[in-house]
Amino acid sequence: MASLSCFLRSGRTAVALVVRREFHRTAPVSVQVTVRDALNQAMDEELERDDRVFLLGEEVAQYDGAYKVSRGLWKKYGDKRIIDTPITEMGFAGIAVGSAMAGLRPICEFMTWNFSMQAIDQVINSAAKTYYMSAGRQNVPIVFRGPNGASAGVAAQHSQCFAAWYAHCPGLKVVSPWNAEDARGLLKAAIRDDNPVIFLENELMYGVPFEMSEESQSKDFTIPIGKAKVERQGSHITLVSHSRMVGHCLDAAAVLAKEGIECEVVNLRSIRPLDVETIETSVMKTNHLVTVEGGWPQFGVGAEICARIMEGPAFNYLDAPATRVTGVDIPMPYAKLLEDNSTPQIKDIIFSIKKTLNI
């Protein structure tokens with residue numbers, strides 16, 4: 001204030017105003033947002049934008065959600081838009097599918113995707129197949145969302161990845177965000193989509209903060225479903241993953257960079273449709289491929305990617321067989337030591353990279 005007064009007293013008012021104007025124009029290029037808050041913001045904005053959108057599920061309203069993803073929405077939008085349901089996945093998933101057929105745009109939350117098996121008939125036989133069986137006359141604009149994959153200390157019935165399960169079924173779109181920008185942009189795109197979308201979150205990522213650009217904070221920001229993103233450029237090997245494993249791949253790449261090995265990390269974001277073109281382009285560049293996922297190995301996402309590469313033009317560019325890093329082929333143990341050895345760790349990714357590169 002003293003220096004500004006000096007400017008004014010000395011007659012250099014114009015200079016002071018320019019300085020002040022430049023100062024106020026400067027804005028941070030990014031802010032820290034947790035994945036939980038990114039999902040909450042996306043739902044809030046879409047509920048406000050379109051009164052056909054509503055949220056239903058167990059404890060989503062008065063309790064603010066089991067993981068606080070729907071925090072504050074019930075107080076803002078009330079009982080008609082944010083609906084607590086009984087513990088009956090088959091029941092409330094069926095209500096959601098029926099309402100989508102009637103012209104609404106429901107967001108159906110499963111407390112964990114493991115419980116979606118109770119409702120899988122509604123998800124597959126009702127939601128996924130109706131558009132085809134009606135010859136394109138009946139859309140089912142619905143989002144099924146909730147935490148997917150391994151959590152911590154909750155054993156086999158709560159730690160399963162359903163990416164391969166649902167991506168197997170025609171009629172569904174399946175997305176699996178990693179960071180806050182993914183979560184926000186993909187959820188908004190999913191809610192606006194006229195088809196059923198399986199939205200696979202990760203419980204261990206909810207509280208993790210990420211930088212979000214000014215552009216990604218716009219109410220109009222969406223991420224196209226079916227488009228992967230290269231998170232890190234590299235020249236020696238391609239790492240392809242989704243959800244929490246993207247972070248593991250980036251950590252492994254940072255370690256190997258110190259040894260002169262440059263890894264290109266591809267964040268799938270979308271499991272179905274699969275962005276094969278981005279993967280092929282990367283493999284043609286690096287000549288090596290490692291896929292990383294938290295799910296089981298048999299018939300998994302990595303298995304599909306390897307098959308697509310083998311059947312396509314990128315196969316001729318490979319200098320070594322593609323390698324998969326996956327969860328162990330057992331139900332998830334409860335004991336922490338066994339749990340840690342059942343899911344991919346950074347050291348496992350590094351080992352597979354070096355094996356593929358024959359180092």
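Nothing fancy with the numbering, it's 1 onward along the sequence.
- With 3.5 Å as the limit, one finds no donor-acceptor pair spanning the side chains of Glu280 and Thr278.
- Among Val266, Leu250, Leu239, the one residue that satisfies the side chain to side chain contact (heavy atoms under 4.5 Å, CB included) test with Glu231 is Leu250.
- Using a 4.5 Å heavy-atom threshold, the side chains of Lys354 and Leu256 count as touching.
- Listed by chain and number, the residues in a salt bridge (charged side-chain N to carboxylate O under 4.0 Å, His left out) with Asp319 amount to none (sequence neighbours excluded).
- For the 3.5 Å distance criterion, the side chains of Ser282 and Glu264 qualify, holding a donor opposite an acceptor.
- For the ring pair (Phe, Tyr, Trp, His ring centres under 6.0 Å) condition, the pairs that include at least one residue of residues 55-84, sequence neighbours left out, are Tyr67-Tyr206.
- Around the CD1 atom of Ile87, the shell of radius 6.0 Å holds no more than 12 heavy atoms that belong to other residues, nucleotides or ligands.
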Practice prompt. Would you please test Lys76 and Glu48 for side chain to side chain contact (heavy atoms under 4.5 Å, CB included) and show each step?
Written response: CA-CA 10 Å; Lys76 183 173 181 179; Glu48 186 175 61; 3.9 Å; yes
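- Heavy atoms of other residues, nucleotides or ligands lying less than 6.0 angstrom from OH of Tyr131 number 12 at most.
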Practice prompt. Under the side chain to side chain contact (heavy atoms under 4.5 Å, CB included) rule, what do Ile279 and Leu268 come out as? Steps first, then yes or no, please.
Written response: CA-CA 9 Å; Ile279 301 169; Leu268 285 175; 3.7 Å; yes
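- Remark: the backbone N or O of Met212 is paired with a side-chain donor or acceptor of Gln217 at under 3.5 angstrom.
- The backbone N or O of Val301 sits less than 3.5 Å from a side-chain atom of Glu293, completing a donor-acceptor pair.
- Looking at Asn114 and Gln157, their side chains never come closer than 4.5 Å, going by heavy atoms from C-beta outward.
- There is no side-chain donor-acceptor pair under 3.5 Å between Thr323 and Ser352.
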